[in-house]
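The structure appears right after this line, and notes come after that.
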Amino acid sequence: MAFQKYSIPLGILGSPFIGFGQFAELFGDSRFYQALRNTFAMSGMSLIAGFVCAIGLALLLNEVRSSLYKRTIQTIVYIPHFVSWVVISNIVIYLLSPDHGPLNELLAGLEVIGEPIYFMSKEKWFWVIHTLAGLWKELGWSTIIYLAVLAGVNPEMYEAADVDGAGRFAKMRRISLPSLLPTATLLLILAVGQMLSTGYESQMLLGNSFVMDYSQVLDLYALDYSLSIGDYSYGVAISMFKSVVSIVLVLGVNTIAKRVGQSHVL
């Protein structure tokens, strides 16, 4: 389909073959590069924030000695993962609403602002808002694997560190964090391969006409052409481009992991 001018009545066998015509049109469209920029920017920000915060939360929870308190915190941070983006986006929009939204009310009460701020209409703020919303939704779930790894660390290592007089932060830096690095590297390689496959639900639900230039990602771009315009071949060409770039990214990160001596998948 990516190499055809696909038509539903004609089907794959009957649609005319046009070679790389779809890709030539794709690379000649300025909206494509805008969507590609947005996709990489939001994926990169979410990837960095997710990894750093998930590892940090896992290290902190691992130091909690009260099992009841630890389970309570885990449950609280896990819950948003099971909530749909429809609910999450509505909560975010309500919190940032200029019409008696809690954040605007708080800033006004502290006399930080004199009039409400339209957060959701600020183009350059959309990436940050989207990253924080995604972090809130997935942070707890992302820590599960890291907590499982820390649970498998030999306790004798911590006991030996106690004998040597190491404090909590020293043990986190010298024992816990190095134990997480091989697993974190594997997860990073897998996550990089999904950088262009960010989906479209969160961007579509949080975005609006004011921030379209910063909210449209490749999946939304392909959806517009495939459904709104009816050019299905164009959408398939975008998907093929995403697959090729994802393979290159995975191989690149895997090669770097080999050279620095960390775990790799290939």
Side-chain angles (χ1 to χ4, degrees), residues 38-62 64 66-107 116-122 125-151 183-184 187-188 190-212 214-223 227:
N38 296 339
T39 302
F40 269 119
M42 282 186 276
S43 297
M45 292 173 66
S46 298
L47 183 64
I48 295 172
F51 264 85
V52 173
C53 294
I55 292 174
L57 180 60
L59 291 173
L60 294 175
L61 287 176
N62 188 57
V64 176
S66 172
S67 59
L68 176 61
Y69 181 72
K70 184 176 182 178
R71 288 198 301 268
T72 302
I73 296 298
Q74 285 177 307
T75 302
I76 292 173
V77 296
Y78 288 168
I79 288 175
H81 171 77
F82 301 99
V83 180
S84 73
W85 263 113
V86 176
V87 177
I88 294 293
S89 61
N90 276 281
I91 293 175
V92 172
I93 292 172
Y94 166 70
L95 291 174
L96 302 179
S97 172
D99 186 17
H100 303 295
L103 183 56
N104 271 299
E105 291 289 327
L106 176 62
L107 295 176
I117 300 176
Y118 291 77
F119 290 99
M120 300 307 296
S121 66
K122 305 292 185 180
W125 292 7
F126 181 81
W127 292 350
V128 176
I129 294 172
H130 178 270
T131 301
L132 293 177
L135 182 64
W136 173 43
K137 187 177 189 302
E138 300 296 342
L139 177 60
W141 188 254
S142 301
T143 61
I144 291 179
I145 296 178
Y146 298 120
L147 285 172
V149 173
L150 291 174
T183 301
L187 294 177
L188 175 63
L190 297 175
V192 166
Q194 298 294 320
M195 282 190 68
L196 294 183
S197 300
T198 57
Y200 61 89
E201 298 91 347
S202 56
Q203 292 86 357
M204 182 176 67
L205 292 168
L206 288 173
N208 52 65
S209 58
F210 295 103
V211 297
M212 182 65 68
Y214 283 79
S215 65
Q216 188 176 57
V217 291
L218 286 177
D219 287 328
L220 271 177
Y221 177 70
L223 189 66
L227 299 182

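Just so we're clear, the structure is a prediction, and the values are computed from it rather than from any experiment. Computed over heavy atoms, backbone and side chain alike; hydrogens, waters and symmetry mates excluded.
Taking 4.5 Å as the limit, every side-chain heavy atom of Y146 sits out of range of all side-chain heavy atoms of N62. Side-chain atoms of K122 and I117, non-hydrogen and from C-beta on, do get closer than 4.5 Å to each other. Inter-residue side-chain proximity for I76 and T72 is flagged as met; some heavy-atom pair is nearer than 4.5 Å. Side-chain contact between V64 and I73: absent, with no pair of heavy atoms (C-beta onward) separated by less than 4.5 Å. Using a 4.5 Å heavy-atom cutoff, the side chains of F119 and N104 are in contact. The shortest side-chain heavy-atom distance between Q203 and Q216 does not fall under the 4.5 Å cut-off.
Between W141 and F82, the ring planes lie perpendicular to each other; the angle is over 60°, past the 30° to 60° tilted range.
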Practice prompt. Verify side chain to side chain contact (heavy atoms under 4.5 Å, CB included) between L223 and D219, making sure each step is shown before the conclusion.
Written response: CA-CA 6 Å; L223 189 66; D219 287 328; over 6 Å; no

Item to complete: Check step by step if side chain to side chain contact (heavy atoms under 4.5 Å, CB included) holds for W85 and K137.
Response: CA-CA 9 Å; W85 263 113; K137 187 177 189 302; 3.7 Å; yes

Atom pairs and distances, side-chain donor-acceptor, residues 41-61, under 3.5 Å, sequence neighbours left out:
residue	atom	partner	partner atom	Å
S43	OG	T39	O	2.8
S43	OG	M195	O	2.4
S46	OG	M42	O	2.9

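The backbone N or O of S121 sits nowhere less than 3.5 Å from a side-chain atom of N208 that would complete a donor-acceptor pair. At least one donor-acceptor pair closer than 3.5 Å links the side chain of W127 to the backbone N or O of Y214.
Sequence neighbours left out, not one pair with a member in residues 69-81 passes salt bridge (charged side-chain N to carboxylate O under 4.0 Å, His left out).
Heavy-atom neighbours of L135 CG from other residues, nucleotides or ligands within 6.0 Å: above the threshold of 12.
Note: S215 OG to L220 CG = 7.0 Å, rounded to the nearest 0.5 Å. A distance of 12.5 Å separates CD1 in I129 from OG in S89, rounded to the nearest 0.5 Å. The OH atom of Y94 sits 10.0 Å away from the CG atom of D99 when rounded to the nearest 0.5 Å. To the nearest 0.5 Å, atoms CD1 (I93) and CG (L205) are separated by 7.5 Å.
Of all the heavy atoms in L96 and L103, the pair that sits closest is CD2-CD2, 3.4 Å. Here the closest non-hydrogen pair linking G207 and V211 is CA-CG2, 3.9 Å. A pairwise comparison of heavy atoms in A133 and L206 identifies CB-CD1, 4.2 Å as the closest pair.
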